[in-house]
Amino acid sequence: MLLKKSADSRLNVDDFLAGIAAAAVVLPQAMAFGVALFTLLGATPAEGALAGLIGAALMCLTSGIVGATRGLITAPSGPVLILLSGAVAALQGAGLGGSTLLTAVMMILVTTGLFQILLGLTGGGQLIKFIPHPVVAGFLTGSGLLMVISQLGQFQVAASVADWLNLQWLPVAVVGLTFLVMSWVPRLFPAIPSTIAGLVGGTLLFHLLVAVTAVSVPDIWVIGTIPGLESIRFDIDLATLPQLPWVIVLSSALALALLASLDTLFTAVIADVETGQRHRSRVELVAQGGGQLLTGLFGGMGGSGTTGATVVSVTTGGRRWAAVVTAIALTLLIVSGGALGRLLPVSVLAGIIIHVGWRMLERDILVWMRRRRTRQDGVIAVLVTLVTVAYDLMAAIAVGVVIAVAFFIRSEIQAPVIHRRSTAQQRRSVRSRSDAERAILDQQGDRIVLYELRGNLFFGSVDRLFTELEADLDRPVWMILHLRRVAQVDLTGMVILQQIARRLNEHGGQLIFCNVHKAIGMGHQVRKTWRKLAADQQGPTVKTFNGADEALEYAENQLLEQAGMAPVERTESVGLAQSDLCRDMPRPVFESLQQAVRTRKLEKGETLFAAGDFGDALFVVISGEVDIRLPTTKHHYKRLAKYLPGSFFGEIALIEPGARTADAVAVCLTELCELDRVTVDTLKDQGEFAVHV
């Protein structure tokens, strides 16, 4: 395992090839999104392409160096483009322009990086996983539609004859041809990524049409020479920072941090499937945040994990250093490939953006809408999509978070709180009872009710619990609430439980808690917690026990006392003649038995017999207490039975001697009468004694 890990940490040929392949996939996407965003800021297409490449290189570099996800490639992505475009519109609406607008966008990226680092350090990335899939589908569909809409300007062709003669339709044709190439080439040749097919195929078709028609190519039809590294500058004007609309900057940054983190973690899961590794979400988010921050400082375009490039990377064999190789390849392209921009048509990049947006549309939403079982999911996805398109992506994210919270609360409210209900007629404590005591419990056992609860007792679910318990609240019952499966009780839950206890007290009943663990938030002594919540009130009468068996035994004892049959305590002494075994024996039989038994005394914690020991004796408890325990581990056991003065055990071993199946341990100083099989065989009234036993 150590050798494998060491080998995986070295740069190998597979990482090199995967990094180059991923760079080829990232190249058109990064340039296309960079052009789309930065032209909104007044930059030239060439400057926009440079910004996209800078963002891809820096984010791949930071993520790759950290190596939290094997094979992950990070670059400008569709959702990030749409969110930043919406932020630009909001900033322009606030009156920003020129260098101040650019500074504001860069500060959004820097702040996004800080938010992502915070998400990683605090484990907030785990919360992102709880966003419902319909919400995510709505995000992606809305983002895809906005990407398509953003490129519709390419189709604004003048209708005059002169424009047609000047071939103003050519860019539109190239957009459509690029889309078709990206759709069909990967079907015929699956090894070719769609973005590479679109870039190469669309560019060749563009220049072929130009050559055939002999049209002169206007500068606005191509990207132009991509500036080199010398054009990279610190784009944040510190003097303008106090003038920025920070509400827009911070809200946009938070929305982008959530969206980019969600996109990255989804992509990381896809990478894990292929590599067989597990990504470290916290570390990955910190690395993504660092890359986002550097991208903002150096005037690039932010991004997130990209599925297409990541799939190419991991299927080509990329693991630890593939992303770093991608970053180096993109940097070399910036240094030496600036003239390439003069050959790249803007319409080809527009076709790539439209195709990526088209692929982001979640067509399953239509299927969800048709089926009754999933129609609610479809409505939610459509709602988020409409908010994304008609308003903005930040509002859609807010709607999505609200829906996620509503989903959670709804599922918690609908989830059954009562796991099981039983009475003392169905389930009793392990304490041994006399025939008379069992008869009373059989008759009145429905006055002891055990509710095993589960889930969270919070403001949404505890009111329904009150309603479900109401049938037992207006009668004199001992209500036991078993809380082992309850995760947490909030303040509202505690108040409702107090109301339940008071209502039981008013009707002669009592509320009993058992299995109250620390994480539940109520403390081990519930009554003390209630007094802290309302210091001026004594609070209703309640009892708390460690386990259900102790709670059941307490309730049984209370019921028997009310019925005039107070159970014997372990401190009392019950003579052999008054024991359950001998109480109804004919006197001659008892006298014969009394002469045959021998007395034994056990100290607290002393073992009478252990599982596996040979046994042929019956024991009558005169005083003290004996537990019958089944060992589960070296230091743990399950209590099977409890015997107090007057009860007896071991009759099976007396009749059929053999190995004991459990341990018998004295809980306190205990006195027993022992009768073994050898002694029974000497009794003169064996037959009559056997009948009574």
Side-chain angles (χ1 to χ4, degrees), residues 14 17-36 52-53 56 60 71-79 81 137 140-141 143-145 147-148 151 154 172-209 263 266-275 303-318 322-323 325-326 329-330 333 340 343-364:
D14 287 340
L17 295 176
I20 298 298
V25 176
V26 164
L27 173 67
Q29 178 176 317
M31 289 194 299
F33 293 152
V35 170
L53 293 175
C60 279
L72 179 70
I73 304 298
T74 310
S77 60
L81 166 65
L140 297 178
T141 301
S143 299
L145 288 174
M147 289 173 65
V148 173
Q151 300 304 309
Q154 297 288 334
V172 178
V174 172
V175 171
L177 291 171
T178 301
F179 186 92
L180 292 176
V181 168
M182 293 182 69
S183 300
W184 287 100
V185 169
R187 297 185 184 182
L188 301 175
F189 307 98
I192 301 178
S194 60
T195 52
I196 294 179
L199 180 67
V200 176
T203 302
L204 291 177
L205 288 170
F206 172 83
H207 289 290
L208 178 62
L209 288 174
D263 203 13
F266 279 163
T267 308
V269 171
I270 294 173
D272 289 346
V273 172
E274 181 65 30
T275 62
S304 60
T306 55
T307 303
T310 299
V311 170
V312 170
S313 169
V314 295
T315 54
T316 310
V325 174
T326 299
L330 293 174
L333 178 66
L340 180 65
L343 301 175
L344 296 178
V346 174
S347 53
V348 169
L349 299 184
I352 292 174
I353 292 176
I354 292 175
H355 188 272
V356 172
W358 176 258
R359 292 287 300 273
M360 287 172 61
L361 303 182
E362 182 61 79
R363 294 161 184 79
D364 286 343

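Every heavy atom of this structure was used, including side-chain atoms; hydrogens, water molecules and symmetry mates were not.
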Side-chain donor/acceptor pairs under 3.5 Å, residues 202-209, sequence neighbours excluded:
unit_1 : atom_1 : unit_2 : atom_2 : d
T203   : OG1    : L199   : O      : 2.5
H207   : NE2    : L343   : O      : 2.9

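- Checking each of I73, L72, V325 against S313 for a side-chain contact (heavy atoms from CB on, under 4.5 Å) leaves exactly one that passes, namely I73.
- Using a 4.5 Å cut-off on side-chain heavy atoms (C-beta onward), F179 and M182 make no contact.
- Looking at L53 and V26, their side chains never come closer than 4.5 Å, going by heavy atoms from C-beta outward.
- Annotation for A350 and V175: closest pair CB-CG2, 4.2 Å, computed over non-hydrogen atoms.
- Judged purely by atom type and a 3.5 angstrom limit, T178 has no side-chain atom pairing as donor or acceptor with the backbone of I352.
- Taking all atoms of both residues into account, the shortest heavy-atom contact from P76 to Q29 is O-NE2, 2.8 Å.
- Taking all atoms of both residues into account, the shortest heavy-atom contact from G305 to T74 is N-CG2, 3.9 Å.
- Annotation for T310 and A271: closest pair CG2-CB, 3.9 Å, computed over non-hydrogen atoms.
- A heavy-atom distance below 4.5 Å is found between the side chains of S77 and D263.
- Annotation for V314 and G71: closest pair CG1-CA, 3.8 Å, computed over non-hydrogen atoms.
- Looking at every heavy atom in both residues, T326 comes nearest to G19 through OG1-O, 2.9 Å.
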